[in-house]
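Written below as structure tokens is the structure these notes are about.
Each ligand, and each atom within it, is numbered from 1 in the order the structure gives.
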Amino acid sequence: MDRIQEKLGRLPEQVVVDGGFTSREAILDMGRRGVDFIGAIADTTARAASQFARRGVEAAFRPEAFAYHPESDTYTCPAGKVLHYERKHRDIGVTDYYYRASAADCGNCEFRKNCCHANTNAGRSVVRAEEALAVAAFRVKMATDEAKQIYRQRGPVAEFPNAWIKTKIGLRQFRLRGLAKVTMETLWACLTYNIQQWIRLRWRALSVSGTR
Ligand code: SF4
């Protein structure tokens, strides 16, 4: 964004990026810059589920089975035991609040092997994540049809040149070494692509207008 502003004298009104660039940090930064940010924030649900499965936590004892009580800032586990607030950890765009059951409750629990069999000296813990308002608003926006429609345009615009350069020019790896030389290879490939696109679009425009 800094380089765009430097080269063009202003920031874009809207930026569309793939999942690799859609972080909470980027969402906050774009908000500060006043740029409408469209992206695909990673859904960590599947990864979290597989981590719990690896740790032997059965589905009925995953975090969603623990009830949160805002008035007392506590959780209740599936066995009815209370998890008290323990600590918090701030990260960019999110604060994680940790809650833990007592070691005695879990140690005597009939569900311990289904819930937290790896905890030998401590009770089960759960984490409640509270995202920054801008991040929460971004999730709401990206659930709308309008934002999804904008995001769908990214692939043809941003990925086609990569595919074309790889397939048509065969630039799957650099033939030379050193930053200056690979920059030159890349520039030639991009220039070739741009000229090819210019000819194609120009030809199409002339064909449509009948002034070939
Ligand atoms: S092991 Fe602990 S947290 Fe899990 S159900 Fe039993 S008492 Fe609750």
* To do: Taking the six-membered ring for Trp and the single ring otherwise, decide whether the centroids of Tyr75 and Tyr99 are under 6.0 Å apart.
  =>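 Between Tyr75 and Tyr99, the centre distance is under 6.0 Å.
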* Asked: Checking Lys141 side chain against Phe37 main chain: does a donor-acceptor pair fall under 3.5 Å?
  ->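 Yes, the answer is positive, given that a donor and an acceptor are paired below the 3.5 Å cut-off.
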* Whether Asn108 side chain and Ala104 backbone form a donor-acceptor pair below 3.5 Å -> yes
Under a 4.0 angstrom heavy-atom cut-off, which atoms of ligand 1 come close to [X]?
X: Arg124; answer: 3 (S)
X: Cys109; answer: 1 (S), 5 (S), 6 (Fe), 7 (S)
X: Cys116; answer: 1 (S)

* What about Leu191 and Trp198, same hydrophobic cluster or not, with Ile/Leu/Val/Met/Phe/Trp/Tyr joined at side-chain heavy-atom distances under 4.5 Å? -> yes
* Asked: Regarding Arg128 and the six-membered ring of Tyr68, is the cationic atom NZ or CZ under 6.0 Å from the ring centre and inside 45° of its axis?
  -> yes
* Contact between Gly123 and ligand 1, counting heavy atoms under 4.0 Å? -> no
* Structure fact -> One should read off an interatomic distance between Cys116 SG and Arg100 CZ, to the nearest 0.5 angstrom, of 9.5 Å
* Among protein heavy atoms, which lies nearest atom 8 (Fe) of ligand 1, and at what distance? ->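 Of the protein heavy atoms, Cys77 SG, 2.3 Å lies nearest.
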* Closest protein heavy atom (residue, atom, distance) for atom 4 (Fe) of ligand 1 ->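 Scanning the protein heavy atoms, the shortest distance from atom 4 (Fe) of ligand 1 goes to Cys115 SG, 2.4 Å.
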* Would Cys106 count as a contact for atom 2 (Fe) of ligand 1, in the sense that one of its N, O or S atoms lies under 2.8 Å from it? ->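 So Cys106 counts as coordinating atom 2 (Fe) of ligand 1, yes.
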